[in-house]
Visitor: 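Mind having a look at this structure? Questions to follow.
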Amino acid sequence: MEITLFAKKRITKDGKTFHQYLSTLEKRDGTTETVRVAFRNVEGNDIPKPESCPRNIAFNREDANLSTTKYTDNETGEIKERKTLWITKWEPGSEYVDRSLDDYNL
């Protein structure tokens with residue numbers, strides 16, 4: 001599998017900064033779903049550097065799994081789901097090409 005990985009700089013309530021990784025997964029019916037991406041610290045498999053994002057990464061299906069966590073939105077009280085793609089082993093994918101402006105006459 002190959003996904004495009006994005007990194008977003010976040011700040012905790014304590015003021016500490018960290019990077020959160022995001023991507024989209026395409027379901028069999030053609031719809032897409034945004035997921036968090038987390039990397040397990042396994043020897044010889046570094047976490048991608050945030051400065052290198054966006055980038056494409058490739059991994060085998062057996063080296064990843066998808067978990068779902070339910071949480072309550074503090075503002076609305078609504079119960080929501082958060083999906084996290086856990087990746088154990090990955091390698092660089094094809095070169096990332098930004099296609100976000102392809103539909104516009106610029």
Side-chain angles (χ1 to χ4, degrees):
M1 296 181 72
E2 185 170 280
I3 60 171
T4 301
L5 186 68
F6 296 91
K8 183 175 183 177
K9 190 176 201 175
R10 307 294 300 253
I11 300 175
T12 65
K13 293 178 184 177
D14 302 337
K16 297 177 184 176
T17 60
F18 68 99
H19 286 90
Q20 183 177 57
Y21 295 96
L22 304 166
S23 188
T24 55
L25 296 178
E26 186 174 339
K27 290 184 168 185
R28 289 186 179 151
D29 64 5
T31 60
T32 59
E33 198 164 37
T34 301
V35 297
R36 288 182 175 190
V37 180
F39 296 90
R40 292 189 181 95
N41 286 336
V42 176
E43 188 176 324
N45 191 32
D46 295 330
I47 295 173
K49 304 247 184 286
E51 310 83 52
S52 70
C53 293
R55 68 179 294 174
N56 292 328
I57 64 168
F59 57 92
N60 293 323
R61 194 180 203 108
E62 56 271 4
D63 293 327
N65 72 300
L66 188 66
S67 67
T68 303
T69 307
K70 292 187 183 213
Y71 69 97
T72 304
D73 187 319
N74 293 335
E75 293 180 15
T76 64
E78 182 181 352
I79 296 176
K80 295 184 175 183
E81 283 187 346
R82 177 182 301 132
K83 296 196 180 224
T84 304
L85 176 65
W86 288 91
I87 299 177
T88 303
K89 199 158 107 178
W90 65 277
E91 57 188 42
S94 61
E95 184 178 340
Y96 172 75
V97 178
D98 185 356
R99 303 244 183 247
S100 61
L101 296 174
D102 286 357
D103 293 336
Y104 297 92
N105 290 324
L106 300 175

Visitor: Would you call Asn65 and Arg40 a side-chain contact if the rule is heavy atoms closer than 4.5 Å?
Guide: yes
Visitor: Can you list the residues that meet the side chain to side chain donor-acceptor pair (under 3.5 Å) rule with Thr32, with sequence neighbours excluded?
Guide: none
Visitor: Which residues pass the side chain to side chain contact (heavy atoms under 4.5 Å, CB included) test with Asn74, sequence neighbours left out?
Guide: none
Visitor: Surrounding CG of Asn105 (heavy atoms of other residues, nucleotides or ligands, distance under 6.0 Å), is the total greater than 12?
Guide: no
Visitor: Restricting to side chain to side chain contact (heavy atoms under 4.5 Å, CB included), what partner residues turn up for Ile11, sequence neighbours left out?
Guide: Thr17
Visitor: Find the distance between OG1 (Thr68) and CZ (Arg82) and round it off to the nearest 0.5 Å.
Guide: 11.5 Å
Visitor: Report the residues that fulfil side chain to side chain donor-acceptor pair (under 3.5 Å) with Ser67, sequence neighbours left out, ordered by chain and then residue number.
Guide: Trp86
Visitor: Write out all pairs satisfying salt bridge (Lys or Arg N to Asp or Glu O under 4.0 Å) with one or both partners inside residues 94-106, taking only residues at least two apart or from two chains.
Guide: Arg99-Asp102
Visitor: With ILVMFWY side chains joined below 4.5 Å, transitively, what does Tyr21's cluster contain besides itself?
Guide: Met1, Ile3, Leu5, Leu25, Val35, Val37, Phe39, Ile47, Ile57, Phe59, Leu66, Leu85, Ile87, Trp90
Visitor: Output all residues satisfying side chain to side chain contact (heavy atoms under 4.5 Å, CB included) with Phe6, sequence neighbours left out; order by chain, then residue number.
Guide: Thr4, Pro54, Tyr96
Visitor: So, using side chain to side chain contact (heavy atoms under 4.5 Å, CB included) as the criterion, who are the partners of Ser94 when residues are at least two apart?
Guide: Glu2, Asn56
Visitor: Under the rule for side chain to side chain donor-acceptor pair (under 3.5 Å), what residues qualify as partners of Arg10, not counting sequence neighbours?
Guide: Gln20
Visitor: Kindly write out the residues that satisfy side chain to side chain donor-acceptor pair (under 3.5 Å) with Lys80, not counting sequence neighbours, or none if the list is empty.
Guide: Asp73
